[in-house]
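Structure first, commentary second.
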Amino acid sequence: MKKLKDILYGVSLQQVIGSTESDVLSLAFDSRLVAAGTLFVAIKGTVSDGHQFIDRAIDSGASTIVCETIPEQTTTGVNYIKVDDSAKALGTIAANFFDNPSQDLKLVGITGTNGKTTTATLLFQLFRELGYKTGLISTVQNQINAEIIPSTHTTPDPIVLNQLLRKMVDLGCDYCFMEVSSHAVVQHRIEGLNFTGAVFSNITHDHLDFHKTFDNYLKAKKKFFDDLQPTAFALTNIDDKNGLVILQNTRAHKKTYGLKHLADYKSKIIE
């Protein structure tokens with residue numbers, strides 16, 4: 001249970017109706033998962049608009065509604081929080097609700113068209129072999145040390161993601177390696193997370209059904225690096241022709257790796 005005012009820390013608020021002193025028992029952006037005391041975030045998705053389900057969420061017990069448009073008819077006793085972007089707000093809200101777990105471990109994100117799962121999994125296995133308690137968030141499966149948790153998305157939604165990270169911290173994990181998809185960046189699923197570092201593998205002309213153009217796809221990958229903190233590291237594949245483009249505007253410490261070109265970390269194929 002958390003106070004609404006604490007959960008909203010860092011969220012850009014446009015309008016507040018009700019009391020931010022209210023208690024919040026759970027979070028949801030799917031009205032079917034709402035129970036008494038839930039904060040419901042109405043998100044405008046590609047398939048449906050969560051604003052259409054606000055009444056259903058309130059009927060199920062939602063005590064707070066976070067939305068981009070406040071309904072004409074409001075319900076007495078329900079808090080309404082208007083924001084610019086509900087999806088972006090959800091990331092920060094979820095991080096706050098679970099006490100910002102990404103700040104309590106070293107979180108490394110791996111992005112790229114190919115190699116995300118392999119890289120994240122190898123790093124997870126390597127750090128476990130080195131004796132660290134480690135977490136993994138990947139397309140194939142999520143894992144906390146020896147415990148395997150089924151995966152549904154390359155990068156989970158912000159609520160599931162922060163819940164997973166919270167569990168990792170509570171179980172003493174030092175590191176977490178996670179895949180970061182371009183979809184997740186655009187949909188603000190990693191909003192509110194504190195990354196220790198980011199790794200770029202490569203980029204090819206895939207996923208254009210979602211991004212429409214290669215430029216949009218590249219910008220989505222690049223945004224992940226643009227948003228890194230100055231204390232983080234940004235590691236890129238210099239053999240990819242867009243490897244250095246990814247690092248152009250990042251404030252993080254820039255590092256390169258490669259097989260063919262001069263790099264900070266030179267690789268070679270042994271067998």
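In this text the structure is predicted, and so the values were computed from the model without any measurement. Values below: all heavy atoms of this structure, side chains included; hydrogens, waters and symmetry mates excluded. One-based numbering along the sequence shown.
The two residues Thr155 and Ala184 have their closest heavy-atom pair at CB-CB, 3.5 Å. Across all their heavy atoms, Ala57 and Val34 have their closest contact at O-CG1, 3.3 Å. Nearest heavy-atom pair across Ala198 and Leu228 is CB-CD1, 3.8 Å. For the residue pair Asn194 and Gln229, the shortest heavy atom distance occurs at OD1-CG, 4.0 Å. Of all non-hydrogen atoms in Tyr9 and Asn96, the two that sit nearest each other are O-ND2, 2.7 Å. Phe195 and Gly109 get closest at one heavy-atom pair: CD2-N, 3.7 Å.
Residues Ile81 and Cys67 fail the side-chain proximity criterion, which asks for heavy atoms closer than 4.5 Å. Contact annotation: the side chain of Ile203 approaches that of Phe214 to within less than 4.5 Å [non-hydrogen atoms, C-beta and beyond]. Considering only heavy atoms from C-beta on, Glu147 comes within 4.5 Å of Lys167 through its side chain.
In the hydrophobic clustering of ILVMFWY residues, with side-chain heavy atoms under 4.5 Å counting as a link, Tyr257 and Ile238 come out apart.
A donor-acceptor contact shorter than 3.5 Å is absent between the side chain of Arg189 and the backbone of Pro158. A donor-acceptor distance shorter than 3.5 angstrom exists from the side chain of Arg128 to the backbone of Asn145, with no hydrogens or angles considered. Judged purely by atom type and a 3.5 angstrom limit, Thr250 has no side-chain atom pairing as donor or acceptor with the backbone of Leu247. Listed for the Asn162 side chain is no donor-acceptor partner under 3.5 Å among the backbone atoms of Phe98. Side chain of Asp174 to backbone of Lys106: no donor-acceptor contact under 3.5 angstrom is found.
Of the residues listed (Ile159, Leu33, Thr38, Leu39), the one engaging Ser26 in a side chain to side chain contact (heavy atoms under 4.5 Å, CB included) is Thr38, and it is the only one. None of Val199, Ile246, Val245 except one satisfies the side chain to side chain contact (heavy atoms under 4.5 Å, CB included) rule with Phe225; the exception is Ile246.
The CG atom of Asp157 lies 14.5 Å from the NE2 atom of His188; values are rounded to the nearest 0.5 Å. Atom CZ in Arg32 sits 8.0 Å away from atom CZ in Phe53 (nearest 0.5 Å). One finds the CG atom of Leu136 at 6.5 Å from the CD atom of Gln143 (value rounded to the nearest 0.5 Å). Rounding to the nearest 0.5 Å gives a distance of 5.5 Å between NE2 of His51 and NZ of Lys44. In this structure, Ile7 CD1 and Lys5 NZ are separated by 12.0 Å, a value rounded to the nearest 0.5 Å. In this structure, CZ in Phe40 is found 5.5 Å from OG in Ser31, a value given to the nearest 0.5 Å.
The environment of Tyr132 atom OH is sparse: at most 12 non-hydrogen atoms of other residues, nucleotides or ligands sit within 6.0 angstrom. The environment of Glu129 atom CD is sparse: at most 12 non-hydrogen atoms of other residues, nucleotides or ligands sit within 6.0 angstrom. No more than 12 heavy-atom neighbours from other residues, nucleotides or ligands sit within 6.0 angstrom of NZ on Lys133. For Lys219, the NZ atom counts as loosely surrounded, since its 6.0 Å shell holds 12 or fewer non-hydrogen atoms of other residues, nucleotides or ligands. Heavy atoms of other residues, nucleotides or ligands lying less than 6.0 angstrom from CG of Leu130 number more than 12.
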Let me see the working for Lys222 and Asn242 under side chain to side chain contact (heavy atoms under 4.5 Å, CB included), right down to the final yes or no.
-> CA-CA 10 Å; Lys222 187 174 175 296; Asn242 287 294; over 6 Å; no
Do Val24 and Phe97 pass the side chain to side chain contact (heavy atoms under 4.5 Å, CB included) test, and can you show the C-alpha distance, the side-chain angles, and the key distance before you say yes or no?
-> CA-CA 9 Å; Val24 175; Phe97 185 80; 4.1 Å; yes
Derivation of the side chain to side chain contact (heavy atoms under 4.5 Å, CB included) call for Ile110 and Leu123 | CA-CA 10 Å; Ile110 295 96; Leu123 286 167; 4.1 Å; yes
Go through the steps for Thr256 and Thr236 under the test side chain to side chain donor-acceptor pair (under 3.5 Å), then give the verdict.
-> CA-CA 5 Å; Thr256 60; Thr236 194; over 6 Å; no
Under the side chain to side chain donor-acceptor pair (under 3.5 Å) criterion, do Tyr217 and Thr113 qualify, and how do the steps go?
-> CA-CA 10 Å; Tyr217 183 32; Thr113 307; 2.8 Å; yes
Show your reasoning for whether side chain to side chain contact (heavy atoms under 4.5 Å, CB included) applies to Arg166 and Asp104.
-> CA-CA 9 Å; Arg166 180 76 259 157; Asp104 296 326; 4.0 Å; yes
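Between the side chains of Ser138 and Thr117, not a single donor N or O lies within less than 3.5 Å of an accepting N or O. With hydrogens and angles left out, the side-chain atoms of Thr111 and Glu179 include no donor and acceptor closer than 3.5 Å.
A distance below 6.0 Å separates the ring centres of Phe177 and Phe127.
Between Asp84 and Lys88, no side-chain nitrogen of the basic residue sits less than 4.0 Å from a carboxylate oxygen of the acidic one, so the salt-bridge criterion is not met. Using a 4.0 Å cut-off between charged nitrogen and carboxylate oxygen, Lys82 and Glu68 do not count as a salt-bridge pair. Between Lys2 and Asp99 a salt bridge is recorded (basic side-chain N to carboxylate O distance below 4.0 Å). Taking 4.0 Å as the cut-off between side-chain N and carboxylate O, Lys3 and Asp23 count as a salt-bridged pair.
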Under 3.5 Å, which donor-acceptor pairs link side chains of residues 58-65 to any protein atom two or more places apart or in another chain?
residue : atom : partner : partner atom : Å
Ser60   : OG   : Arg56   : O            : 3.1
Thr64   : OG1  : Asn79   : ND2          : 3.2

